[in-house]
Amino acid sequence: MQPDATDFQAELLASLPRLRRFALSLTRHPSEADDLVQMTCERAITNAPKWNPEQPLLPWLYTMGRNLWTSEMRKRQVRTGEGTVPAEEAAELVSHAGGEENTRAGQVMAQIMALPEGLSSVLLLVSVEGHSYAEAAAILDIPAGTVMSRMSAARARLRAALAGEAA
Amino acid sequence: MVDRMERISAYLDGEMSAEDAARLEAEAAADPELAAEIEAAGALDDEIGLAFDALLDAPLPPALAATVSATTTPGTRVEPATPTVPAATPMGEDPAPAPDVARAEPGVPGQAAVQGQGDALPETPAMGAIPPGGAAPREELPPPVFTPANLDRRPIFSASIAAVLALLMVGAGAGALLTRVFAPGTELADGHATRGWMDEIADYHRVYARQVRHLAEVPASEQDHIEAWLGKETGVPFSVPDLTASGFTFQGARLLVAGGKPVAQLLYTDAGGQVMALCVLAREGEATPEFTPRSFDGVEMVRWLAPGAAWVAVGEPGMDLDAVARAAAQEV
């Protein structure tokens, strides 16, 4: 069997926390993120023979998850004329889920979740996980220039939002 | 302005040429405001990193594993008693991790999925790769519907995912800072100790009652499976009450976690499409005759205690939940 199934499962296992975090940055909705992780895992296991063990697994999983999410968004737009959860609602869901955001990390995360669609995932990939703009662009299937403008917009908005909160 | 932030971003992200970076540094040396902005953006990045990294500590909710293992199509369902689970010991875990997974809670979802270690991983992972209703020539094509319950399940793989997820729970530390971002209703951080399981069920109701299209994890058509699955996971055997006489139609079920315990959530809708849920979890103690109403910020509940179980009817203001609860208590 190629690649070795045990290796693949070990890699998948080790990747799950980060895959889940990435899914949350895409969906900005905890339960939808978990649905997406589950779908991505199923897709990944189905496609395990296509995975090249020489390549890191995580970007492969990310791309798969992003594909699934993009398709889902497209279907929702066709069905309902609506896209993703509005940012205000996403923030509300996070605060519902979390009760009081009484830690600084919690406050920062709530603001990240409230960013407009597409900013959180770029922020995660580039600022936190250290991907280059080109790598993030490939995972998210957007131009590198868009990665740059989204990084800048995300930082500017977060700075403003957190400054407003502190005031 | 945006241009300025784009430059700072590119600088911080290592996306600037050496010349451009040197130029920005020279400008910052002569412009304290720019220097301060760069420093603040770097500090902001540190905070972003801390916030995102806190998510990595969140234990996976048992429901995630249970969902995967439980939503197999009828006839191909994974039977936990005779599992086809592969040897999910990829991280050198003890080959019998169930006691750890269970975390002293009998019947924690996911536990069943890791029993019976030692079977071989299936050799043909591509089988059933094409979802029904759409031959998928490209791997990007999604399954027909996003809702997990509606997917064509490949039980062996579902079970193996469940095992992977369940194992991950062993490694994930409790008390994670942002557990609650992912898993409302699991252990809460300081300051939330007073929130009980009913608060958590109210939280779930606020979220799920709006999920018209994703209302249930397992649809009403699989009632036998729901009773077997959730009865086993919660440790509370029950029958799904027929509440049509009270005006509620059974739509399906979910597995939740509240108060650290698995909770069965049976979802009903009334003629107007409003959602009412019956929730049950195991408890010590005898039955009491009271039907106790409680309000949770827009979510109404009526609770009753059966032998070994606590039940609540959860709904919207204006529903006659007391009557629903009394009717349901006769049937469960």
Side-chain angles (χ1 to χ4, degrees), chain A residues 1 5-7 9-10 12-14 16-18 20-21 24 30-31 33-35 37-39 41-43 45-50 64 67-68 71-72 75 93-94 96-100 102-106 108-109 112 123-124 126-128 132-133 148-149 151-153 155-156 158-159 162, chain B residues 2 5-6 8-10 13-15 40-41 44-45 47-56 60-61 64 67-68 86 88 90-91 121 123 125-126 129 139-143 146 148 151 154 157-158 160-161 164-165 167-168 172 177-178 180-184 188-189 191-192 195 203 206-207:
Chain A
M1 189 166 179
T6 312
D7 286 354
Q9 274 212 320
L12 183 58
L13 175 66
L16 278 177
R18 289 177 69 178
R20 193 158 175 243
R21 180 172 77 168
L24 184 68
S31 66
D34 282 346
D35 283 353
V37 169
Q38 182 185 307
M39 302 263 317
C41 285
E42 295 219 335
R43 182 63 56 95
I45 290 177
T46 303
N47 287 317
K50 296 182 193 163
M64 208 175 272
N67 263 325
L68 286 165
S71 304
E72 172 62 14
K75 277 186 289 184
L93 279 165
V94 168
H96 260 317
E100 303 154 62
N102 55 359
T103 64
R104 178 64 178 174
V108 174
M109 187 44 63
I112 292 171
L123 201 57
L124 170 64
V126 175
S127 168
V128 182
S132 69
Y133 287 0
M148 176 183 257
S149 59
M151 278 306 294
S152 151
R155 285 190 172 112
L158 272 184
R159 185 179 60 184
L162 291 168
Chain B
V2 170
M5 188 48 116
E6 277 195 10
I8 294 173
S9 273
D13 298 333
E15 297 281 339
L44 178 63
D45 271 24
E47 290 212 281
I48 294 166
L50 286 175
F52 268 119
D53 283 347
L55 294 178
L56 296 179
L60 290 176
L64 184 58
T67 297
V68 177
M91 291 182 84
L121 195 72
E123 289 290 319
E139 72 176 63
E140 301 82 40
L141 278 185
F146 196 61
L151 288 171
R154 298 170 302 283
F157 300 114
S158 294
S160 71
I161 296 169
V164 165
L165 296 180
L167 265 176
L168 193 77
L177 182 62
L178 286 180
R180 56 193 193 279
V181 169
F182 269 128
L188 296 168
H192 296 74
R195 284 171 52 84
D203 286 344
R206 289 186 194 98
V207 174

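Within every chain, numbering begins at 1; the chains are lettered A, B, ... in the order of the sequence lines, protein sequences first and strands thereafter. Atoms considered below: every heavy atom in the structure, side chains included; atoms not considered: hydrogens, waters and symmetry mates.
Taking the side chain as every heavy atom from C-beta outward, B/Glu15 and A/Ser132 approach each other to under 4.5 Å. At a threshold of 4.5 Å between non-hydrogen side-chain atoms, the residues A/Arg20 and B/Leu55 do not count as touching. Counting heavy atoms from C-beta outward, B/Leu50 and A/Val108 have side chains that stay 4.5 Å or more apart. Between B/Met5 and A/Arg159, the closest side-chain pair of non-hydrogen atoms falls below 4.5 Å.
Applying the side chain to side chain contact (heavy atoms under 4.5 Å, CB included) rule to B/Ala41 yields the partners B/Ile8, B/Leu12; only residues at least two apart in sequence or on another chain are considered.
Rounding to the nearest 0.5 Å places CG of B/Leu44 at 6.5 Å from CG of A/Leu162. How far CG of B/Asp45 is from CZ of A/Arg155: 4.0 Å, rounded to the nearest 0.5 Å.
Considering all non-hydrogen atoms of both residues, B/Ser9 and A/Ser152 come closest at OG-CA, 3.4 Å. In plain terms, the two heavy atoms of B/Ile48 and A/Ser127 that are nearest each other are CG2-OG, 4.4 Å.
With a threshold of 4.5 angstrom between heavy atoms, B/Glu47 approaches chain A through its backbone and through its side chain.
Comparing A/Leu158, A/Val126, A/Leu124, A/Ile112 by how many heavy-atom pairs each has under 4.5 Å with chain B, the most go to A/Leu124.
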